[in-house]
Amino acid sequence: MIAASSPLFFPFAAAIATFLKKIEGEHAPLTLAFLMICAAGFVTVFLAGLFFTVAAYRPDYPDTTIAIMSDIAFFLFVMPAVPAFVQNIVTGIVILGDRRAQPVLPRWLGYMNLWTGVLLLPGLAVGLFKVGPFAWNGVLAFWVPAVVFAIWFNLMIVAMLGAIRRDALTQA
């Protein structure tokens, strides 16, 4: 299911990029960086879904084989903290760099993106811990980033819909 649904993130990323480009203007290097980071991050999520699918497809395989497939999938799903971190930092910098009297996206969203990036970083530690808060299923490496991502996703939608209602994309 992850492999099949992960491409649905692209229209969302394109919507964010539209707002970032509006803020940056004609030459938008950070917007382009954001899009490239999203594409790279997609690969890991897509591959995680494929490994989960393979593990479930052959339940007759030895437990160790299924465990390896599952471990690879969780590592691919949780460990790409650096691309997610950079994606959120870039987004936050662009939003906070908007010097308009009425910014395209609210400034609080820029700060929220910076904090989201920082709070996703514990996912990097999953390869170092088998148990505890930094393990692949731990509070800091999995659950905090999962909850933070969900909050970020929904707040981005709310903020972008608010900007659309204000017609922020067509204003100078």
Side-chain angles (χ1 to χ4, degrees), residues 1-24 27-56 68-98 104-106 108-129 133-161 163:
M1 185 58 110
I2 294 171
S5 63
S6 59
L8 297 176
F9 189 75
F10 282 130
F12 181 68
I16 294 170
T18 301
F19 284 96
L20 298 181
K21 178 138 179 26
K22 173 65 177 180
I23 294 168
E24 277 195 287
H27 304 289
L30 293 176
T31 301
L32 294 174
F34 168 84
L35 287 170
M36 288 185 278
I37 295 163
C38 287
F42 163 78
V43 172
T44 60
V45 174
F46 183 76
L47 287 174
L50 288 179
F51 276 99
F52 279 130
T53 302
V54 170
I68 288 169
M69 292 291 190
S70 178
D71 287 348
I72 291 170
F74 269 108
F75 275 51
L76 284 168
F77 193 66
V78 177
M79 271 188 87
V82 172
F85 167 78
V86 175
Q87 172 188 318
N88 285 104
I89 297 302
V90 164
T91 303
I93 289 170
V94 171
I95 293 169
L96 292 173
D98 192 348
V104 173
L105 293 169
W108 63 262
L109 192 66
Y111 292 111
M112 189 268 307
N113 269 276
L114 296 178
W115 276 109
T116 298
V118 169
L119 292 171
L120 294 175
L121 282 178
L124 282 173
V126 300
L128 303 173
F129 300 90
F134 289 104
W136 67 268
N137 61 350
V139 169
L140 295 177
F142 182 81
W143 290 107
V144 168
V147 170
V148 165
F149 176 81
I151 292 169
W152 170 82
F153 189 84
N154 286 292
L155 288 178
M156 288 297 292
I157 290 170
V158 168
M160 289 189 297
L161 287 174

Can you see which heavy atom on [X] is nearest to which on [Y], and at what distance?
X: T44; Y: G41; value: OG1-O, 2.8 Å
X: G127; Y: M79; value: N-SD, 4.3 Å
X: P145; Y: L140; value: CD-O, 3.1 Å
X: A141; Y: V126; value: CB-CG1, 3.5 Å
X: M69; Y: A55; value: CB-CB, 3.6 Å
X: L120; Y: A84; value: CD1-CB, 3.5 Å

Are [X] and [Y] packed together at the side-chain level, in the sense that at least one heavy-atom pair is separated by less than 4.5 angstrom?
X: F134; Y: L128; value: no
X: C38; Y: F42; value: no
X: I95; Y: F19; value: no
X: L114; Y: L96; value: yes

Once rounded to the nearest 0.5 Å, what's the spacing between atom [atom1] of [X] and atom [atom2] of [Y]?
X: N113; Y: N88; atom1: CG; atom2: CG; result: 5.0 Å
X: N137; Y: W143; atom1: CG; atom2: CH2; result: 9.0 Å
X: I72; Y: L50; atom1: CD1; atom2: CG; result: 12.0 Å
X: E24; Y: I93; atom1: CD; atom2: CD1; result: 10.0 Å
X: F34; Y: L30; atom1: CZ; atom2: CG; result: 11.5 Å
X: T116; Y: M112; atom1: OG1; atom2: CE; result: 5.0 Å

Discussion item. Is there a side chain to side chain contact (heavy atoms under 4.5 Å, CB included) between V118 and F85? Walk through the geometry before answering.
Written reply: CA-CA 6 Å; V118 169; F85 167 78; 4.3 Å; yes

Item to complete: Measure from the side-chain N and O atoms of D98 to the backbone N and O of I23, and report whether any donor-acceptor pair falls under 3.5 Å.
Response: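 Not confirmed, D98 side chain does not pair with I23 backbone.
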
Discussion item. If you count heavy atoms of other groups shown closer than 6.0 angstrom to CZ of F51, is the number above 12?
Written reply: no

Worksheet item: Do the rings of F12 and W152 sit parallel, tilted or perpendicular, given the 30° and 60° boundaries?
Response: perpendicular

Worksheet item: Taking the six-membered ring for Trp, are F142 and F74 parallel (under 30°), tilted (30 to 60°) or perpendicular (over 60°)?
Response: perpendicular

Worksheet entry | For V147, side-chain contact (heavy atoms from CB on, under 4.5 Å) partners two or more places apart | I151

